[in-house]
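Below is one structure, written out as structure tokens, with a few remarks after it.
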Amino acid sequence: MKLRGLYAITDSQLLAGKFLAYVEAALDGGVTLLQYRDKSSDEARRLREAEKLRELCSRYKTQLIINDDAELAARLGVGVHLGQTDGPLTPARALLGSKAIIGSTCHSQIELAEQAAKEGASYVAFGRFFNSNTKPGAPAATLEMLGQARTRLHLPICVIGGITLENAEPLVAQGADLLAVVHGLFGADSTQEVTRRARAFNDLLKNSV
Ligand SMILES: Cc1ncc(COP(=O)(O)OP(=O)(O)O)c(N)n1
Ligand SMILES: Cc1nc(C(=O)O)sc1CCOP(=O)(O)O
Ligand SMILES: [Mg+2]
């Protein structure tokens, strides 16, 4: 499966009271990867919500990715996204198997991405490219770095951080495969607008290849 398209990421605060409706609206517009990102330590709720997302994703033929938690991903039989302090990639690959999608945060460092590729990552993520409501303190990355990464790396490149329909085009032009978005997608006022935005993100990627 080619990893290219919209990578929707959930946010428990932003989606409070409309979680499944907004996620389904995004899936309806087309989502390549859906990441369940919940930074709370409420394990029972995390399991319950992740199970619901797995069911929804299977209906829409979208791949579910769990943020931070390889054990939960293994329990559900889905993929995982690991940051630099979320545990090593090699044991996660051993736990989840060769077919699982495993992503790695590489901030703005191509060397981290090369290492992640050696350790079995399925994609590497660079960011933050713009001001982010969700994670304002994330280290910054540049378009120039992204262009260099594209020439050096042979696995899918995900970009993240403050991405909207208005600013995404240069990232795609520099070789991004996956646009990872929270607010620029789920910050919409209605489910219809979420679906419209999802379609428009996909159009940006389609029109560039
Ligand atoms: C697709 C994607 N890219 C980067 C991140 C950030 O991961 P991390 O640095 O571990 O930070 P948290 O998201 O865990 O706060 C991500 N989650 N997804
Ligand atoms: C979870 C996360 N990681 C980032 C990084 O740069 O590693 S930026 C980010 C938040 C993405 O949300 P939004 O689209 O609302 O900016
Ligand atoms: Mg993390």
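Quick note: residue numbers are just sequence positions, from 1. First listed ligand is number 1; within each ligand, the first listed atom is number 1.
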Quiz item: What do the steps show when you test F201 against I163 for side-chain contact (heavy atoms from CB on, under 4.5 Å), and what is the final call?
Solution: CA-CA 10 Å; F201 275 116; I163 297 172; 4.1 Å; yes
Tell me whether [X] is salt-bridged to [Y], with the criterion being a basic N under 4.0 Å from an acidic carboxylate O.
X    : Y    : value
R75  : E71  : no
E193 : R196 : yes
E114 : K118 : no

Report the nearest protein non-hydrogen atom to [atom]: residue, atom name, distance rounded to 0.1 Å.
atom                    : answer
atom 4 (C) of ligand 2  : I160 CG2, 3.8 Å
atom 1 (C) of ligand 1  : Y7 CE1, 3.5 Å
atom 2 (C) of ligand 1  : H81 CE1, 3.3 Å
atom 14 (O) of ligand 2 : V182 N, 3.0 Å
atom 15 (O) of ligand 2 : T134 OG1, 2.5 Å
atom 11 (O) of ligand 1 : K135 NZ, 2.8 Å
atom 1 (C) of ligand 2  : R37 NE, 3.4 Å
atom 6 (C) of ligand 1  : T105 OG1, 3.3 Å

Quiz item: If we only count N/O pairs under 3.5 Å, is H183 in contact with ligand 2?
Solution: yes
Enumerated ligand 2 atoms positioned under 4.0 Å from heavy atoms of [X]:
X    : answer
A138 : 5 (C), 6 (O)
K135 : 2 (C), 3 (N), 9 (C), 10 (C)
R128 : 6 (O)
G127 : 6 (O)
G162 : 13 (P), 14 (O), 16 (O)

Got [X] and [Y] here, is their nearest side-chain heavy-atom distance under 4.5 Å?
X    : Y    : answer
E119 : R93  : no
V78  : I65  : no
E169 : L204 : yes
P136 : R128 : no
I102 : L89  : yes
F186 : V194 : yes
M145 : I110 : yes

Self-check item: Spacing of CD1 belonging to I157 relative to SG belonging to C106, to within rounding of 0.5 Å
Solution: 9.5 Å
Exercise. Report the distance from atom CD1 of I101 to atom OG of S122, rounding to the nearest 0.5 Å.
Key: 6.0 Å
Consider every N or O of [X] and every N or O of ligand 1, then say whether any pair is closer than 3.5 Å.
X    : result
D68  : yes
H107 : no
Y123 : no

Practice problem: Could I get the full list of side-chain contact (heavy atoms from CB on, under 4.5 Å) partners for R46, not counting sequence neighbours? | Solution: Y36, D38, S40, D69, L72
Practice problem: Check each heavy atom of S132 against ligand 2 and say whether those closer than 4.0 Å belong to the side chain, the backbone, both or neither. | Solution: both
Only heavy atoms of [X], strictly under 4.0 Å: list the atoms of ligand 1 that pass.
X    : answer
Q35  : 1 (C), 2 (C), 16 (C), 17 (N), 18 (N)
K39  : 12 (P), 14 (O), 15 (O)
D86  : 10 (O)
I160 : 2 (C), 3 (N), 4 (C), 18 (N)
R37  : 12 (P), 13 (O), 15 (O)
A125 : 3 (N)

Exercise. List the steps, then state whether side-chain contact (heavy atoms from CB on, under 4.5 Å) holds for L82 with T105.
Key: CA-CA 6 Å; L82 296 175; T105 298; over 6 Å; no
Quiz item: Please walk me through it: do S12 and R37 pass side-chain contact (heavy atoms from CB on, under 4.5 Å)?
Solution: CA-CA 8 Å; S12 306; R37 181 173 183 271; over 6 Å; no
Quiz prompt | Under 2.8 Å from the Mg ion (ligand 3), the protein N, O or S atoms, given as residue and atom | solution = D68 OD1, D86 OD2
Exercise. Test salt bridge (Lys or Arg N to Asp or Glu O under 4.0 Å) on E111 and R152 and set out the steps.
Key: CA-CA 10 Å; E111 296 72 22; R152 281 168 58 177; 3.8 Å; yes
Quiz item: Is it true that Q84 lies under 4.0 Å from ligand 1, counting heavy atoms only?
Solution: no
Exercise. Determine, using heavy atoms of C158 and all atoms of ligand 1, whether some pair is separated by less than 4.0 Å.
Key: yes
Quiz prompt | Shortest non-hydrogen contact from F126 toward Q109 | solution = CE2-O, 3.8 Å
Self-check item: Stepwise side-chain contact (heavy atoms from CB on, under 4.5 Å) check, I9 with H81
Solution: CA-CA 11 Å; I9 302 183; H81 182 93; over 6 Å; no
